[in-house]
Amino acid sequence: MSSVFDKIRRLHDQVAKGSTTDLDDRARACRATKEAVLDAKSLVEAVRVQLAEGWQGGAGESALASLADFKKNRDDQAQDLEESAKSFEVVRDALAKAQGDARSHLADAESLRQKLDGVWNDLSHGKGNIVFAWAQDKAIKARALVVLADLERVILGYDAVLLAEGLKLRNKTGQIWELAGSGKRNLAEIAAIMLREIPGFAELVKNDPRLKAALLTGNWELLLQNREIAQKIYDYLGFKYVADGDYYTTGEHSVQSFLGWHDLYDKLEKLIGANLDKTGDDGDNMEFTDPKTGKQYRLELWKGGYGFGGAFGGEVGFYTREPGSSDPSGYFNAAQGDDQIKVTQTIYDKTTDEVYFTNDGQGADGSDKKHFWNLGIRTDPNVDPSQLAQRATIEVRDAGLRDQLYDEMTRWAAAHPDQHLTVTKTTDVPPALSYTWEK
């Protein structure tokens with residue numbers, strides 16, 4: 001059986017393998033590529049301006065529009081590269097700290113090992129006695145176990161940062177995907193990391209009586225005032241507080257982005273204290289297939305009560321499935337890349353028209369506010385969920401996708417008049433529609 005000192009050595013060696021230099025190089029490579037992308041954008045824009053003076057008619061205008069799209073795409077790519085550089089730097093700094101802590105813990109362990117060796121060496125030379133030696137042995141190994149536990153927490157903290165930033169990187173498109181390294185962590189690995197972190201939550205709560213009371217009473221606002229707890233919740237589940245609107249939302253890099261959507265999730269709502277109006281409750285979902293690509297899409301809407309009556313809000317989720325695929329569980333992937341939508345969701349009282357809050361895309365990575373999931377939840381036990389209504393504007397990548405979404409939503413609305421869903425096309429640039437849902 002491995003000794004506690006061997007385990008400490010192995011953990012040290014595990015984190016020592018990481019290269020802060022490599023991470024720094026990746027960050028610099030991202031920024032160098034970003035500058036090249038911006039240079040290409042400037043060149044394209046200069047060409048577009050010159051050609052615009054002479055190109056006329058449908059074909060010319062179409063070509064100019066394509067150049068304008070190319071320019072915007074370069075802006076988006078540059079933003080992705082900058083955000084990726086920042087993620088590599090966050091991981092670099094976390095690794096540097098973990099390596100420093102690991103070296104310190106290893107030095108402490110080596111000091112204890114030498115002390116333990118000295119005890120038994122003295123005994124072998126007739127110094128002391130066996131009872132004293134055994135007592136010293138137990139005391140030193142107990143201290144070594146504390147060092148091991150501290151080192152395990154160091155490694156776990158670094159792994160949490162690596163997971164959170166890795167999810168952000170792997171959600172990027174284009175060149176960013178190649179820079180993200182190995183494939184996505186599987187769900188079992190994510191679950192294992194989350195379960196291993198439970199003792200960390202417990203330790204934080206144990207050391208603060210206010211947090212213990214907050215956990216027992218379900219006072220999430222007080223819990224999230226603790227920065228360590230708030231960061232852990234955001235790293236693993238993506239939830240964060242938006243002070244400007246007094247509601248909670250979820251980050252684009254959350255674990256939910258890898259879980260996708262199963263019809264089973266709606267059946268679990270009672271277990272998490274939710275009481276929601278939802279589309280697809282009778283098995284008729286808002287789904288359509290793009291005739292050009294064969295890709296399948298689903299829109300999900302929710303509104304109502306959360307947290308066993310202690311909160312209220314709403315959600316807009318957009319999901320995709322590859323051409324020709326199907327799943328008896330109703331599984332869809334969380335929309336990624338160009339399939340993501342920009343949503344502005346408002347929750348209000350359908351009787352008085354009082355607006356409670358509006359989520360204009362908070363939680364999305366970057367400034368484009370595109371996400372697969374617009375969620376807004378406010379803690380307030382005095383709001384009646386049955387009186388809630390939802391209105392939203394949904395912006396998609398092109399008018400064709402907008403029209404397909406509009407046709408499906410109006411079909412569903414006609415089939416479910418009791419839902420009081422009204423849908424309207426709004427703008428073609430950007431392609432968008434809006435709706436009110438007052439069931």
Side-chain angles (χ1 to χ4, degrees), residues 1-25 89-166 181-182 185-186 188-209 211-212 215 226-229 231-232 235-236:
M1 182 179 293
S2 298
S3 72
V4 62
F5 300 104
D6 291 336
K7 291 178 181 178
I8 291 171
R9 166 65 68 178
R10 282 200 299 272
L11 285 177
H12 167 272
D13 292 347
Q14 174 185 325
V15 75
K17 292 178 181 177
S19 171
T20 55
T21 301
D22 180 58
L23 289 164
D24 210 33
D25 288 343
E89 288 170 343
V90 168
V91 175
R92 177 202 63 196
D93 293 344
L95 176 60
K97 183 178 185 305
Q99 289 177 334
D101 290 343
R103 286 192 295 271
S104 175
H105 284 71
L106 180 62
D108 291 342
E110 288 299 321
S111 176
L112 290 171
R113 185 200 286 270
Q114 290 174 12
K115 187 173 183 180
L116 181 60
D117 289 344
V119 169
W120 291 107
N121 186 56
D122 286 347
L123 184 65
S124 68
H125 288 83
K127 297 179 182 179
N129 58 69
I130 188 66
V131 174
F132 176 78
W134 275 108
Q136 286 287 90
D137 181 281
K138 298 302 181 187
I140 292 172
K141 286 182 177 177
R143 291 169 61 187
L145 285 171
V146 172
V147 173
L148 174 61
D150 286 343
L151 182 54
E152 286 175 336
R153 280 194 287 271
V154 168
I155 302 299
L156 184 60
Y158 169 64
D159 206 15
V161 172
L162 190 61
L163 172 61
E165 297 304 321
S182 60
R185 293 175 184 265
N186 60 46
E189 192 175 1
I190 292 173
I193 291 175
M194 292 175 68
L195 289 172
R196 292 209 319 267
E197 188 58 27
I198 289 175
F201 281 102
E203 188 69 21
L204 288 170
V205 171
K206 183 182 73 173
N207 293 334
D208 190 332
L211 296 180
K212 184 176 181 180
L215 188 62
N226 181 288
R227 289 185 178 181
E228 289 181 86
I229 289 180
Q231 187 61 46
K232 290 179 187 299
D235 284 344
Y236 290 114

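Contact detail for Leu95 and Ser19: the closest heavy-atom pair is CD2-N, 3.6 Å. Of all heavy-atom pairs between Ile8 and Leu151, the closest is O-CD2, 3.6 Å. In terms of heavy atoms, Ala94 sits closest to Val161 at CB-CG1, 3.8 Å. When all heavy atoms are compared, the tightest approach of Ala102 to Val15 is CB-CG1, 3.5 Å. The minimum heavy-atom distance between Thr20 and Gln99, with the atom names listed, is CG2-OE1, 3.9 Å. Across all their heavy atoms, Ala109 and Phe5 have their closest contact at O-CE2, 3.4 Å.
Atoms CD1 and CD, on Ile140 and Gln114 in that order, are 11.5 Å from each other to the nearest 0.5 Å. With rounding to the nearest 0.5 angstrom, the NZ atom of Lys141 is 13.5 Å from the CG atom of Leu148. Here the CZ atom belonging to Arg92 is positioned 10.0 Å from the OG1 atom belonging to Thr21, to the nearest 0.5 angstrom. Interatomic distance, Leu162 CG to Ile155 CD1, rounded to the nearest 0.5 Å: 11.5 Å.
In this structure, the side chains of Arg10 and Asp6 come closer than 4.5 Å at one or more pairs of heavy atoms.
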Do Glu152 and Leu156 pass the side-chain contact (heavy atoms from CB on, under 4.5 Å) test, and can you show the C-alpha distance, the side-chain angles, and the key distance before you say yes or no?
-> CA-CA 6 Å; Glu152 286 175 336; Leu156 184 60; over 6 Å; no
Under 3.5 Å, side-chain donor or acceptor atoms of residues 116-123 against the rest of the protein: list the pairs with distances, not counting sequence neighbours.
from   : atom 1 : to     : atom 2 : distance (Å)
Trp120 : NE1    : Asp137 : OD2    : 3.1

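Using a cutoff of 4.0 Å between basic side-chain nitrogens and carboxylate oxygens, Asp13 and Lys17 are not scored as salt-bridged.
Looking at Ser111 and Asp108, their side chains never bring a donor and an acceptor atom within 3.5 Å of each other.
Partners of Glu110 according to the side chain to side chain contact (heavy atoms under 4.5 Å, CB included) rule, which considers only residues two or more places apart in sequence or in another chain, are Arg9, Leu106, Arg113.
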